[in-house]
Amino acid sequence: MSVKTRFAPSPTGYLHVGGARTALFNYLFAKKYGGSFVLRIEDTDPERSKPEYSEQILISMKWLSLDWDEGPYYQSQRMELYKKFAEKLLEEGKAYRCFCTPEELEQMREEQRAKGLPTRYDGRCSRLSPEEVKRRVEAGMPYAIRLKVPQDRGVIAWKDLVKGPIEIDSKELDDFVLVRSDGTPTYNYAVVIDDYDMGITHVLRGEDHIPNTPKQILIYEALGWKAPAFGHMPMILGKDKTKLSKRHGAVGVEAYRDEGFLPEAMFNFLALLGASFDPNRDVYTKQELIELFDENKIGLHPAVFDPDKLYHINREHMKMLSTSELLERIKPFAEAKGYKVEPFHEQLIPLLVERMHTLKDFVELADYIFTDDYTVDQKAQEILEKNFPVEGLADMLAAAPWDAEHIEAALREYAAQKELKPREYFPYIRAVVTGKSVGPSLFHLLEAMPKDMVLRRLKR
RNA sequence: GGCCCCGUCGUAUAGUGGUUAGUAUACCGGGCUCUCAACCCGGAGGUGCGGGUUCGAUUCCCGCCGGGGCUACCA
């Protein structure tokens, strides 16, 4: 049987990095073993699911090049399927109707808590007589459908793809809800129906799903189906080692896109978060990650999201792109500031890529090539106050061939004539021409800039 | 509270019943230079604690502590 994995986000917000990593590992797993990858939107919670979120998730998936082979499927469009199997379970006595109201359930839990007991459904509705059930149904009382957990089921165990053997006593489980009183399926129920129906063979997800796994196994058993293999990956934590959330800053994938991170860098970074495929390197292409992927090398403990590492990987990926490709990627960020990208800008790329952390940085580090209205940094401001002479410099440069070698010669000669120390004078020229106190080698920088732009600024 | 998962430099990780416990990043210092970055050289920094098992434990076992997760008619 060929491998089939899936990513099943619920559209209750943007695609966050944790979800993206889950999607990514499922993608890698499928590709590694020549299988396929399914995308399924779990929108069974009418309260929280929003169509625009689904759209945003799809956009982020595409941005990361997590291309799915099937889907997206929407659970909201598969209600008949869930209904069908719920009926079956009901008929076979493996599930039952529960007429308890939320208030009643809350009160029950309240009492259990008061006694220091675990809060579990006590199965009261499973003891209703068939006549009573019939009476209530006919009276139009709303009901949920609960799975009847077999009393003698004992220990539920599975060999986790990443954690190894895990077992949980079925006594820990109560008769949980499969179908809500409004007829919609709950997560655990819909997942099983869909995973089975879609032929999913391997389920990789966050370890927050470990407690759900025995429940799902029980549903598979009640339906007489073979369960897929499960693998649970450690969580991603914030700097303070608590679960990554808004408090830690950006958690939505699209925020990283907007900050100027390369999708291939994000892909790379996410794959390394909590896994190590080759201890001697940390920069990989997507293809390399597919080849090196090994579910046994996924770590066991939660990993802290470290922006420093992301910056580093982003920088490495930027260096891997051609100058024209990099400029192309920078374009949207320049345009967002109202700047127009021009062909000559490509020559600045090799000079600036070393000091860029993100695509956005290019626009900020080199705003002077886009506009005469560039920013002047604090130190440059001070340097400018020295008011070194520039008269005649423009003419000297105008006469020189426009390459670094001749520019340097001209500048050195001018400095010598005026008895200025290159150490002080060159930074001054940089400040005059770019408004910056730092940047690439001055002569190479000037060479890469249009001659008329440089001369114009020297004459100001 | 109950159940489950986990614990190697700040972070991500490699590794082994005996190692100077490795690498990357971040940090500090030096070199290079017109500055910053890159690059090169150097530095600091880790096996959570306590018991066992053993000639010897970071590694194996137990306990503790610590972190995380779940405990819904959310997913």
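Atoms considered below: every heavy atom in the structure, side chains included; atoms not considered: hydrogens, waters and symmetry mates. In what follows, every chain begins at residue 1, and chains take the letters A, B, ... in the order their sequences are listed.
A:L178 places its CG atom 12 Å from the P atom of B:C73, with the value rounded to the nearest Å. In this structure, A:D308 atom CG and B:U25 atom C1' are separated by 7 Å, rounded to whole Å. In this structure, the OH atom of A:Y121 is 25 Å from the P atom of B:G2, given to the nearest Å. Here the P atom of nucleotide B:C4 and the CD atom of A:E172 are 7 Å apart, to the nearest Å. The nearest whole Å value for the distance from the CD1 atom in A:I236 to the C1' atom in B:C6 is 16 Å. Taking atom CG on A:D182 and atom C1' on B:C73, their separation rounds to 8 Å, with Å as the unit. Atom CD of A:E106 is separated from atom C1' of B:C73 by 13 Å (rounded to the nearest Å). When the P atom of B:A75 is taken as reference, atom CZ of A:F176 falls 13 Å away, rounded to whole Å.
A:Y284 and A:H317 are not linked by any side-chain donor-acceptor pair at a separation below 3.5 angstrom, with hydrogens and angles left out of the test.
Across the C1' atoms, B:C55 and B:G46 are found 27 Å apart, a figure rounded to whole Å. Here, B:G50 and B:G66 have their C1' atoms 14 Å apart, quoted to the whole Å. Comparing the C1' positions of B:U54 and B:U59 gives a spacing of 13 Å, expressed to the nearest Å. Of the P atoms belonging to B:U16 and B:G52, the separation is 27 Å, rounded to the nearest Å. Between B:G68 and B:G22, the two C1' atoms lie 28 Å apart (nearest whole Å). Using C1' as the reference atom, B:G7 and B:G63 are 15 Å apart when rounded to the nearest Å. Only the C1' atoms considered, B:U47 is 10 Å distant from B:C9, to the nearest whole Å. Separating the C1' atom of B:U53 from that of B:C65 is a span of 22 Å, rounded to the nearest Å.
The list of side chain to side chain donor-acceptor pair (under 3.5 Å) pairs with a residue in residues 298-312 of chain A, not counting sequence neighbours, reads A:D282-A:K309. The salt bridge (charged side-chain N to carboxylate O under 4.0 Å, His left out) pairs that include a residue from residues 98-118 of chain A are A:E104-A:R124, A:E106-A:R109, A:E106-A:R113, A:E110-A:R113, where partners are two or more places apart or lie in different chains.
Using a 30° and 60° split on the angle between ring planes, A:Y428 and A:F388 fall in the perpendicular class, above 60°. Note: A:F277 and A:F25 have tilted aromatic rings, judged against thresholds of 30 and 60 degrees for the angle between ring planes. Ring orientation note: the planes of A:Y256 and A:F305 are tilted relative to one another, at an angle of 30° to 60°.
Contact annotation: the side chain of A:P427 never approaches that of A:S437 to less than 4.5 Å [non-hydrogen atoms, C-beta and beyond]. At a threshold of 4.5 Å between non-hydrogen side-chain atoms, the residues A:F230 and A:K159 do not count as touching. Residues A:M266 and A:L310 are in side-chain contact: their nearest non-hydrogen atoms beyond the backbone lie under 4.5 Å apart. Considering only heavy atoms from C-beta on, A:S126 comes within 4.5 Å of A:Y96 through its side chain.
In this structure, A:H301 does not reach the B:C6 phosphate: none of its side-chain N or O atoms is under 4.0 Å from OP1 or OP2.
At a cut-off of 3.5 angstrom, the base of B:A24 holds at least one donor-acceptor pair with the side chain of A:K309. Side-chain atoms of A:T186 and base atoms of B:C73 include no donor and acceptor less than 3.5 Å apart.
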Grab the N/O contacts between the protein and nucleotides 67-72 of chain B below 3.5 Å, and write none if there aren't any.
residue	atom	partner	partner atom	Å
B:A72	OP2	A:T119	OG1	3.3

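Mapping A:I168 and A:A8 onto RNA chain B by nearest heavy atom places A:I168 at the nucleotide closer to the 5' end. With RNA chain B read from its 5' end, the first of the two nearest nucleotides for A:H312 and A:L105 is the one closest to A:H312.
Among A:K215, A:R120, A:R153, the one residue that satisfies the salt bridge (charged side-chain N to carboxylate O under 4.0 Å, His left out) test with A:E172 is A:R120.
Of the possible donor and acceptor atoms, one in the side chain of A:T186 sits under 3.5 Å from a partner among the backbone N and O of A:V177.
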Once each nucleotide of nucleotides 32-44 of chain B is scored for protein heavy atoms under 4.0 Å, what B/S/- sequence comes out, 5' to 3'?
--BBBBS------

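Between A:D361 and A:R355 no salt bridge is recorded (no basic side-chain N to carboxylate O distance below 4.0 Å).
Between A:F370 and A:H345, the ring centre distance stays below 6.0 Å.
In RNA chain B, runs of at least 3 stacked Watson-Crick or G-U pairs (N1-N3 plus N6-O4 or O6-N4, or N1-O2 plus O6-N3, all under 3.5 Å) give these stems: B:1-7 with B:65-71, B:10-13 with B:22-25, B:27-31 with B:39-43, B:48-52 with B:60-64.
Taking both residues in full, the closest heavy atoms of A:T119 and A:Q112 are given as CA-OE1, 3.1 Å, listed atom of the first, atom of the second, then distance.
Listed by residue number, the members of residues 264-275 of chain A with any heavy atom below 4.0 angstrom from RNA chain B are A:L272, A:L273, A:G274, A:A275.
In this structure, of B:A75, B:G1, B:A24, it is B:A24 that holds the atom nearest to the side chain of A:D282.
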